[in-house]
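Keep in mind the model is a prediction, meaning the values are calculated, not measured. We count residues from 1, following the sequence as given.
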Amino acid sequence: MRIITNIAKRASTLCSGTVVVLAILIGGATIFTACSDKDDNVEPAVHTTGIDMGNLDTSVRPADDFYQYVNGGWMARNPLPPAYSRYGTFDKLIEENTTRIKAILEGMQNANFSNGTTDDKLCTLYRLAMDNDRRNAEGVQPLTGLIQQMEQAATNEELFEIHLQLAPQGYTGFMNISIEADAKNATQNILTVEQGGTALEEKEYYLDTDEATTKVREAYKQEIVKMMQLFGFSEEKATQKMTNIMRIETELAKVSRSGTELRDPEANYNKMTLAQFQAAYPNMQLERVMNAMGVQSAYIQELVVGQLEFVAGADKLITSMTTDEYRDYMEWEQIRTAAPYLDDTTEATYFEFFGKVLSGRQEDYPLWQRVMNQMETHMGMALGKLYVEKYFSAAAKERMLQLAKNLQAALSERFDAQDWMSATTKAKAKDKLNAFIIKVGYPDNWMDMSNLNIDAEKSYYENVRECLRFQNNYDVVRKAGKPVDRTEWGMTPQTVNAYYNPTTNEICFPAGILQPPF
């Protein structure tokens with residue numbers, strides 16, 4: 001119980017007009033420590049734990065069915081909504097935060113913001129997203145120009161030139177490309193190339209022959225045919241395109257690693273020079289892709305390849321791929337990426353497979369909720385700034401930072417108490433502990449969105465493509481050849497989640513999760 005004692009002692013140092021309650025559930029018991037002002041004339045504060053006892057099912061003995069005892073009440077009060085494939089406390093909080101952000105955006109609609117400000121861009125993008133009449137009138141037209149350009153390409157090289165035109169928006173074809181901390185030199189960013197290129201992601205969907213997987217695969221084929229028909233192709237032509245797409249994705253699946261294999265960090269770390277990569281895999285044309293993105297060759301002279309057999313397989317596939325196969329594969333990638341941002345029919349056809357079949361959801365979210373999710377994806381940090389201004393104060397951030405520092409101190413004391421650790425080991429442990437970065441609530445420095453150009457005259461999807469360009473520039477181009485920025489956040493403030501990043505030795509608790517029951 002020493003760790004509980006230490007944490008309780010350290011937590012008690014927060015008493016300065018605040019109340020801190022620490023609840024630790026151990027085998028059904030709850031241990032509390034609380035603090036309040038020491039002035040005897042002050043009315044004692046009402047202490048709460050954040051634990052709703054109504055979520056328990058006390059009709060069940062915890063020794064008989066602990067899961068039902070802990071969760072039974074919550075499950076009874078919260079049946080699975082048809083728009084969800086799962087529904088837990090995370091989902092409920094996300095729903096509540098989404099409603100809050102919707103109210104913030106709606107409240108901004110009658111305000112006058114200067115042209116080019118982040119608030120003006122937010123409002124414009126939101127109005128375009130919510131203008132369902134305009135989106136339905138435009139149909140698939142925002143993407144047809146690009147599809148026609150691909151249809152007119154006569155060779156693989158002409159198609160690759162279109163690929164390069166799309167690269168600034170983050171299009172990388174068969175590869176997944178990122179600029180991130182080098183796992184074995186965590187102070188420096190490095191180009192990382194990993195397997196990709198399959199819409200279903202898990203290789204088993206393409207290769208396994210059991211009944212359930214086969215049904216998913218056949219439904220996916222039907223999805224491709226339906227989508228291609230929405231873009232003007234006959235059923236016969238759409239079916240041929242589906243056959244070509246399935247061949248390419250299946251060949252990529254064959255050389256992909258399974259989810260289990262991807263968990264091996266050593267096997268997925270293969271460092272080499274750009275010259276070595278180009279010599280071994282010339283058909284991937286990596287340098288041309290990176291240059292088209294805006295990354296100079298000088299910044300990618302070293303890189304990490306995640307899965308060597310995949311890159312080798314993809315490189316070989318390119319040499320056997322017909323122009324029709326390459327075209328159909330590229331068209332499908334653009335269509336399925338664009339579908340959620342187009343008209344109702346296209347979005348509903350997309351949901352029929354990717355929502356119902358692949359995710360198990362019975363119905364789609366309403367328009368406003370889909371739009372909120374898309375706004376989160378493309379302007380999440382701008383929304384986060386507005387969210388914390390209203391729901392998470394600087395004082396709340398400071399209080400949580402102090403509590404986390406107290407936990408650090410408690411852990412340091414625990415090191416001292418261990419007789420199995422040598423003095424050298426304790427010193428090393430404390431060095432790592434002291435180097436630990438704690439991020440709470442929201443970033444100290446907000447993302448600069450001055451380079452994002454939202455245009456009300458263009459379609460919603462055209463503006464989404466601009467958001468993709470901006471994000472790719474921020475995530476890839478900006479980082480290339482630079483040291484790792486340890487102040488950068490990997491989540492938006494309104495996110496109901498948290499993370500630990502081992503390469504930067506940091507833990508992050510966004511404002512969104514710092515509410516009951518967490």
Side-chain angles (χ1 to χ4, degrees), residues 85 150 156 159 163 170-178 192-231 233 235-264 267-268 270 281 283-284 305-340 349-361:
S85 57
M150 292 179 182
N156 284 13
L159 286 167
H163 178 157
Y171 179 63
T172 57
F174 301 144
M175 304 174 281
N176 283 334
I177 290 175
S178 60
T192 302
V193 176
E194 297 180 302
Q195 68 186 42
T198 55
L200 302 182
E201 297 184 354
E202 301 290 339
K203 65 182 296 180
E204 290 80 7
Y205 280 124
Y206 297 92
L207 305 177
D208 286 2
T209 56
D210 61 278
E211 183 180 358
T213 307
T214 300
K215 282 184 178 179
V216 171
R217 187 163 55 246
E218 291 305 310
Y220 179 52
K221 292 177 182 179
Q222 294 171 23
E223 169 77 6
I224 296 172
V225 173
K226 289 177 186 176
M227 278 290 204
M228 288 295 177
Q229 288 180 282
L230 291 180
F231 279 80
F233 297 105
E235 183 177 0
E236 181 182 2
K237 185 68 172 176
T239 301
Q240 182 57 55
K241 285 179 176 291
M242 177 273 292
T243 301
N244 290 341
I245 292 161
M246 288 303 295
R247 185 185 95 79
I248 299 301
E249 292 196 13
T250 302
E251 289 301 313
L252 292 173
K254 288 177 182 177
V255 293
S256 296
R257 290 184 183 169
S258 67
T260 302
E261 291 169 326
L262 290 173
R263 295 176 193 163
D264 184 342
N268 290 288
N270 304 280
Y281 319 111
N283 300 299
M284 303 297 281
V305 178
Q307 300 77 37
L308 295 174
E309 69 277 18
F310 173 84
V311 181
D315 188 75
K316 183 179 179 181
L317 175 62
I318 291 171
T319 64
S320 69
M321 195 167 49
T322 68
T323 299
D324 283 346
E325 287 173 335
Y326 190 17
R327 176 190 299 111
D328 297 342
Y329 175 82
M330 284 182 66
E331 287 178 354
W332 176 233
E333 286 205 298
Q334 296 306 308
I335 288 170
R336 64 181 172 84
T337 300
T349 305
Y350 176 88
F351 176 77
E352 195 67 26
F353 175 76
F354 288 98
K356 284 188 177 179
V357 176
L358 202 57
S359 300
R361 297 164 57 201

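- Remark: Gln307 pairs with Glu194, Gln195, Arg257, Leu262, Asn268, Glu309, Phe310 by the side chain to side chain contact (heavy atoms under 4.5 Å, CB included) rule, at least two apart or across chains.
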Note to self: Between Glu331 and Phe233, is the side chain to side chain contact (heavy atoms under 4.5 Å, CB included) condition met? List the steps.
What the structure shows: CA-CA 12 Å; Glu331 287 178 354; Phe233 297 105; 4.0 Å; yes

Next item on the list: Could you go through the side chain to side chain contact (heavy atoms under 4.5 Å, CB included) check for Val311 and Met175 one step at a time?
Entry: CA-CA 8 Å; Val311 181; Met175 304 174 281; 5.8 Å; no

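- Of the possible polar contacts, one joining the Tyr206 side chain to the Leu200 backbone as a donor-acceptor pair under 3.5 Å is found.
- Listed here is the closest heavy atom pair of Ala199 and Trp332: CB-NE1, 4.3 Å.
- Thr209 has its side chain out of reach of Thr213: every pair of non-hydrogen atoms, C-beta onward, lies at least 4.5 Å apart.
- Around CD of Glu201, the count of heavy atoms belonging to other residues, nucleotides or ligands within 6.0 Å does not exceed 12.
- Counting heavy atoms from C-beta on, the side chains of Met330 and Gln334 never come closer than 4.5 Å.
- Within the 3.5 Å criterion, the main-chain N or O of Ile245 finds no donor-acceptor partner in the side chain of Asp328.
- When all heavy atoms of Gly196 and Leu252 are compared, the pair lying nearest together is O-CD1, 4.2 Å.
- Side-chain N or O atoms of Thr239 include one that pairs as donor or acceptor with a backbone N or O of Glu235 at under 3.5 Å.
- When side chains are defined from C-beta on, Phe174 counts as touching Ile318, because their heavy atoms get closer than 4.5 Å.
- Nearest approach of Ala339 to Met227, heavy atoms of both residues: CB-CE, 3.5 Å.
- When all heavy atoms are compared, the tightest approach of Glu223 to Thr349 is OE1-O, 2.8 Å.
- Residue Ser320 holds its OG atom at 10.0 Å from CG of Asn283, rounded to the nearest 0.5 Å.
- In terms of heavy-atom proximity, Tyr326 sits nearest to Asn156 at CE2-O, 3.5 Å.
- With a 4.5 Å cut-off on side-chain heavy atoms, Lys203 and Thr198 do not count as touching.
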Would you list the atom pairs, donor with acceptor, under 3.5 Å between side chains in residues 351-360 and any protein atom, with sequence neighbours excluded?
{"from": "Ser359", "atom 1": "OG", "to": "Phe354", "atom 2": "O", "distance (Å)": "3.0"}

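- Applying the side chain to side chain contact (heavy atoms under 4.5 Å, CB included) rule to Thr214 yields the partners Arg217, Glu218; only residues at least two apart in sequence or on another chain are considered.
- Note that OG1 of Thr322 and CZ of Arg327 are 8.5 Å apart. Values are rounded to the nearest 0.5 Å.
- Summarising the geometry, atom CE belonging to Met284 is positioned 8.0 Å from atom CD1 belonging to Ile177; distances are rounded to the nearest 0.5 Å.
- Distance CD/Gln229 to CE/Met242: 11.0 Å, rounded to 0.5 Å.
- Not one N or O on the side chain of Thr250 forms a donor-acceptor pair closer than 3.5 Å with the backbone of Arg247.
- In terms of modelled atom types and a separation under 3.5 Å, the side chain of Tyr329 and the main chain of Gly197 share a donor-acceptor contact.
- Here the closest heavy-atom approach between residue Ile224 and residue Met246 is recorded as CD1-SD, 4.3 Å.
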Check: Given Thr243 and Gln240, is the side chain to side chain contact (heavy atoms under 4.5 Å, CB included) satisfied, shown in steps?
Finding: CA-CA 5 Å; Thr243 301; Gln240 182 57 55; 4.3 Å; yes

